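Atoms within each ligand, like the ligands themselves, are counted from 1 in listed order. Numbers here simply count residues along the sequence, with the first being 1. Model, not experiment: these values are computed from the prediction.
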Amino acid sequence: MQQTLVLVKPDGVAKGLTGEIISRFEKRGLKISALKMFKMSVEQAKSHYAEHQGKSFFDELVSFITSGPIVAMVVSGENAVKAVRSMMGATDPLNSAPGTIRGDYALNVANNIIHGSDSENSAEREINNFFTKSEIVN
Ligand code: IDP
Ligand code: MG
């Protein structure tokens, strides 16, 4: 059993896609083990996206992810990390296959609706950035 961190980004929440995204994961057989809506602080954003510090799009990324409410969740299940990543589609929505979340709902790399951890190690670090142990159900 794996856990992964999913964020419905501010554009996804604003477009009313939170329910659709949760529904896709549930229908696939994945479980929602924790869920909350909040506005990310700049501090949390810099920590969450630490690997991208120094890149040309970093400041834009931090300002976008902190621009409005997000929905954060822990998604659990067999191979949850890889399953979620494949359901999200490629980072740039122009390369995301139709049928993926980004391929169906996004057009722009900076506004690509959803985040999902890229490995088990990232998932553990990212989950700890937003959730305490007691907020996650088993
Ligand atoms: P991922 O979200 O598919 O894991 P990463 O390479 O980890 O993609 O990038 C993190 C986020 O940074 C992307 O989801 C996207 O929103 C943003 N991003 C990535 N590349 C660019 C870019 O070239 N311009 C603007 N934003 C970008
Ligand atoms: Mg990433």
*Asks:* Looking at ligand 1, is there an atom of it that comes within less than 4.0 Å of some heavy atom belonging to Arg85?
*Replies:* yes
*Asks:* When Val81 is tested against each of Val75, Asn121, Thr4 for side chain to side chain contact (heavy atoms under 4.5 Å, CB included), which residue passes?
*Replies:* Thr4
*Asks:* Check whether any N or O atom of Glu60, backbone or side chain, sits under 3.5 Å from an N or O atom of ligand 1, and answer yes or no.
*Replies:* no
*Asks:* Below 3.5 Å, N or O to N or O, backbone or side chain included: is there any such pair between Lys9 and ligand 1?
*Replies:* yes
*Asks:* Ion pair present between Arg24 and Asp104, side-chain N to carboxylate O less than 4.0 angstrom?
*Replies:* yes
*Asks:* Give yes or no for whether the N/O distance cutoff of 3.5 Å, strictly under, is met between Val109 and ligand 1.
*Replies:* yes
*Asks:* Is there side-chain contact between Ser86 and Arg28, with heavy atoms separated by less than 4.5 Å?
*Replies:* yes
*Asks:* Any non-hydrogen side-chain atom of Glu20 less than 4.5 Å from a side-chain atom of Ile101?
*Replies:* no
*Asks:* Near Asn112, which atoms of ligand 1 are under 4.0 Å from a heavy atom of that residue?
*Replies:* 13 (C), 14 (O), 15 (C), 16 (O)
*Asks:* If two hydrophobic side chains count as joined below 4.5 Å and joins carry through other members, does Val13 share a cluster with Leu107?
*Replies:* no
*Asks:* Can you find an N/O atom of Arg102 closer than 3.5 Å to an N/O atom of ligand 1?
*Replies:* yes
*Asks:* Parallel, tilted or perpendicular: which fits the ring planes of Tyr49 and His115, with parallel below 30° and perpendicular above 60°?
*Replies:* perpendicular
*Asks:* Angle between ring planes, Phe130 versus Phe38, binned at 30° and 60°: parallel, tilted or perpendicular?
*Replies:* tilted
*Asks:* Looking only at protein heavy atoms, which one is nearest to atom 23 (O) of ligand 1, and how far off is it?
*Replies:* Phe57 CD2, 3.8 Å
*Asks:* Taking distance alone, with N or O pairs closer than 3.5 Å, would you say His52 contacts ligand 1?
*Replies:* yes
*Asks:* At a non-hydrogen distance cut-off of under 4.0 Å, which region of Thr91 contacts ligand 1 (side chain, backbone, both, or neither)?
*Replies:* both
*Asks:* Among Asp11, Asp92, Leu61, which one has a heavy atom closest to atom 11 (C) of ligand 1?
*Replies:* Leu61
